[in-house]
Amino acid sequence: MLKFTIRRLLVSFPQLVILSLLIFFLASLMPGDALSGVIDPNIPAEAIERQREMLGLNNPWHIQYKDWVVNMLQGDFGNSYFKKQPVLDVIGDRLTNTIWLSLFSAVLIYLIGLPLGLISGRYNDTFLDSVITGYTYLGFATPTFMFGLLMLLVFGYNLGWFPTSGSVDANVTPGTFEYVISKMYHLVLPSFSIALIGLVGTVQYLRSGIIETKQKDYVTLARAKGVSESKVYTKHIFRNSIIPIAAFFGYEITGLLGGSIFIEQIYAYPGMGRLFLESISTRDFSVANVLILMYGFLAIVGALLSDIILSIVDPRIRIK
Amino acid sequence: MTKFEDEKRKLDKEDHKNLDKEMHETTHSTKNESFNKDRTDATPHDIDTHMQASPTASGEGHGAIDQQSLPRSTPGWKILIQEVIHDKLALFSFIILIVITSYVFGLTLFLKQSEIVFVDLFAINEPPGDRFRLGTDYGGRDVFGQLIIGTRNSLAIGFLVTGISVGFGVIYGVVAGYFGGHIDNIMMRIVDFFMVLPFLMVIIVYVTISPDYDIYSFSLIMSAFLWVGTARLIRSVAIQERELDYINASRTLGSSHIKIIFTQLLPNLVGIIIVNATLNLAGNIGIESGLSFIGFGFPEDTPSLGTLMSYATQTQTLRNRPWIWAPAAILILVLMLCVRNVGEAMRRAGDARQRNA
C-alpha cells in the first residue's frame, strides 16, 4: 500500500514540473510583466531598465524559471498588475468559496446519484428505471450553464426562494451562526445546479455496473446459500459495482472545480472560476497564471487521490 | 478490402458463429420481454433491453439479417446502422438531426451574415412580431437569423473539432496500443499529462491573447485538448485487438506494421470510432456553446448558439425577454439530445455484451 502510494507520488512529480514549465511559457506569451501597472510615463527609461535588471527580468529563461519556482515555494506568487496587491491576497477566500461549492456539489452528487443508480440497476426495465434512465439521457444532453440559468430563473427570480448572487449576505458578521446559515443558503442553488447535472454519470455507471454484476456466479451462489435479497444487493453487488465510481472520485472533484467556472459566473458567486474570468477580462495575467497553476495542481492531486482510492477498494490494482 | 474480409472470415469464423448465436438470443430475449413485461426479477436474458425498439419489428429484422449473413460476418458499420434503424428513438433523433442540419445549412446559403448582425438601433429588444419572427436582441439584430447562423456555426465547429480530435486521437491510440511496451508507456504518460491540464482555462487564455483567431484556429486549439479521451479509448481496444489471431497471422506472413494498422486493425475499430465520434460531437457542441456563453468562444459578429445564450446573463433579458435566449436553449438541448441518442444506440450495438445481455 505504502509502496504503491510512493510510486504513484513519484509519477505526479514530473507532471507538476511540466505543468509549471508550460504555465511559465504561457505567461511569457502574455503581455505584461512584474513592472506593468507600476510604470508611469514620468519615469526615465534608464530607471526602468535598472529595475528590470534588479528584478531579474533580463535573465535567461531558465534562471527566471528557477527564481519563479523558488519564489512560489516560499509562498511568493507575485503581485496582481491590476489590484496592486499580492496574488495570494487576491485569491484569498475565493479559494475557500470554490472549495465549499465543490464539496457541497460532490456530497449532493453521491447522496442523490448513488440511490438512483442502485434503484435503476436493481429494478431494471421497470417503469421507475425508465424514468431514471430518461433523466440521465436528459442530464447528459443539458449543458451545466443552461441548467444553471434555468434554475436561476425559476427558483431565484420567479419563485424568489433563493438568493440570486453572491456567497453571503452583506449584513451578517463573520463567525456568527447566521453567517454560516447565510453561506449555506447561498450555496443551495449553485450546488444543486451542478449536482443535478453532474450526477448522471454516476447513475449510469452504477446502473450498468449493477446489471453486469448481478449475473455473476458468486451472486447466484449467495442467493443459493439463502442470503436475503436486500443483503445480496448491499453486501455482494453494491460492493463490486461501486469500484469504478470510487476510483473516479478524485477526477470528479477536479471536474467540479474546473466546471464551476460557468456556475460561478451565472450566480455571481465569488469563487476562483469567477476570479479567473475577471482577471482575464481586466488583463490581470499574473492572477490568471497562478489560478491556472492552482487548478492544474488540484487536478494532479485529484488524479493521485483517484489512484490511491482505487488501490484501496480494488487490491488487484496494487499487484500490477 | 476484399482480401481483408477473406482473411478475417477464415480466421474469425468461430467468433462470428458466436456473434450470430448472440444475435439470435437477442431476438429471443426481446420477445420474452414483451410477454413478461411485469416480471421484475431479472434473469440473464432480459437485462438492458429497455431502449430497444418494439420487440416484434427488431426481432424480425435481426432474424432476417442473420440468415443472410450466416456464412459472412456483418461489418461493424452495418450493425451500427441496423441498430439505429431498429431503435425507434434513435431513428427519430437521427431524422430530426438531418432535418435541422439540412434546413440550417440550406437556409444560410440565402441569408447574409453581415445583414443579420447589422445593428439597427430603432429595433432594439423587439418581441417576436411580423417584421422579426423571433424578435430582436439589444443591438436590434434579428434573433431568428442569428439562430439559424448560430446553429450552423455551432454544428460546423462541432464537426470540425470532432473530426480533428478524433482523427488524431485514433492514430495516437492505435499506435500506442499496437506497439505497446515502452512506446505505449511514454505515449500514455503524455496523455496522463493532458488529462490534468485545466483545458478550459488554457483555451480562454489563448482566445484572449491571440490577436486574430478564427473558426479554424479556435477549433484547432479546442482539438488540442480533446483528443485524449479518444486516444485512451482506442488504445485500450487496440491492445485487446492486437492479441487476436488475425493480427498475429498477418505478422507471421510478414506484413509491415503500417499495413497491419491501416488495413487490418483500423477497419475492425471503425464501429468504436464512429460511436466515439458521435458522442464527442455532442460534447464538443456543448463545450463550444459554454465557451461562447461566457464570452470566450466566437466573436459577437459570428454568432453561435452560445452567443445567443450569453445574452441571458443580463438579468433583464433573462427575466423579461425570453425570445432572445429560449430558442437557442431549446435548440442546443434538442441537438445534443439527438446526437447522444444516436450515439448511445450505436454504442449499445457495438457492445455485443450489452446487446444480448
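Quick caveat, the model's predicted, so the values are computed rather than measured. Below, chains carry the letters A, B, ... as their sequence lines are ordered, and counting in each starts from 1.
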Residues in residues 278-287 of chain B that sit under 4.5 Å from chain A, counting heavy atoms only:
B:G286
Portion of [X] that has a non-hydrogen atom of chain A nearer than 4.5 angstrom:
X      : answer
B:I190 : neither
B:I294 : side chain
B:F296 : side chain
B:L200 : side chain

Chain B: which of A:T144, A:L19, A:L291, A:L150 shares the most heavy-atom pairs with it under 4.5 Å?
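The option with the most such pairs is A:L19.
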In terms of heavy-atom proximity below 4.5 Å to chain B, should [X] be classed as side chain, backbone, both, or neither?
X      : result
A:L138 : both
A:L22  : side chain
A:A303 : side chain
A:Q265 : side chain

Locate the shortest heavy-atom distance separating [X] from [Y]; write the atom from each residue and the value.
X      : Y      : answer
A:R207 : A:S120 : CD-OG, 3.2 Å
A:Q15  : B:F193 : O-CE1, 3.6 Å
B:M188 : B:A176 : CE-CB, 4.0 Å
A:I292 : B:V205 : CD1-CG2, 3.7 Å
B:F194 : B:A224 : CE2-O, 3.4 Å

When rounded to the nearest 0.5 angstrom, what is the spacing between [atom1] in [X] and [atom2] in [Y]?
X      : Y      : atom1 : atom2 : result
B:T151 : B:L305 : OG1   : CG    : 4.0 Å
A:S102 : A:I263 : OG    : CD1   : 11.5 Å
A:S193 : A:M146 : OG    : CE    : 13.0 Å

What option among [options] has the most heavy-atom pairs under 4.5 Å with chain A?
options                : result
B:M309, B:M195, B:M201 : B:M201
B:C338, B:G295, B:S289 : B:S289
B:L337, B:V334, B:L197 : B:L337

Salt bridge or not for A:R122 and A:D129, using N-O below 4.0 Å?
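No, no charged N to carboxylate O under 4.0 Å.
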For B:S93, side-chain hydrogen bond (donor to acceptor under 3.5 Å, both in side chains) partners two or more places apart:
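Result, side-chain hydrogen bond (donor to acceptor under 3.5 Å, both in side chains) vs B:S93: B:N341.
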Would B:F293 and A:F145 count as a close aromatic pair, with their ring centres under 6.0 Å?
yes
Please tell me whether A:W161 and A:F155 form a close aromatic pair, meaning their ring centres lie under 6.0 Å apart.
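Centroid separation for A:W161 and A:F155: below 6.0 Å.
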Going by distance alone, is a donor N or O of one side chain under 3.5 Å from an acceptor N or O of the other, for B:S304 and B:N153?
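The answer is no; no qualifying pair exists.
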Under the criterion side-chain contact (heavy atoms from CB on, under 4.5 Å), I'd like the reasoning laid out for A:N289 against A:F24: C-alpha separation, chi angles, the key distance, then a yes or no.
CA-CA 8 Å; A:N289 266 327; A:F24 180 75; over 6 Å; no
Sub-4.5 Å heavy-atom contacts with chain B: which residues of residues 270-280 of chain A show up?
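Counting heavy atoms that sit under 4.5 Å from chain B, the residues of residues 270-280 of chain A involved are A:F276, A:L277, A:I280.
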Selection residues 186-196 of chain B - residue pairs positive for side-chain hydrogen bond (donor to acceptor under 3.5 Å, both in side chains), sequence neighbours left out
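For residues 186-196 of chain B: B:N185-B:R189, B:R189-B:D192.
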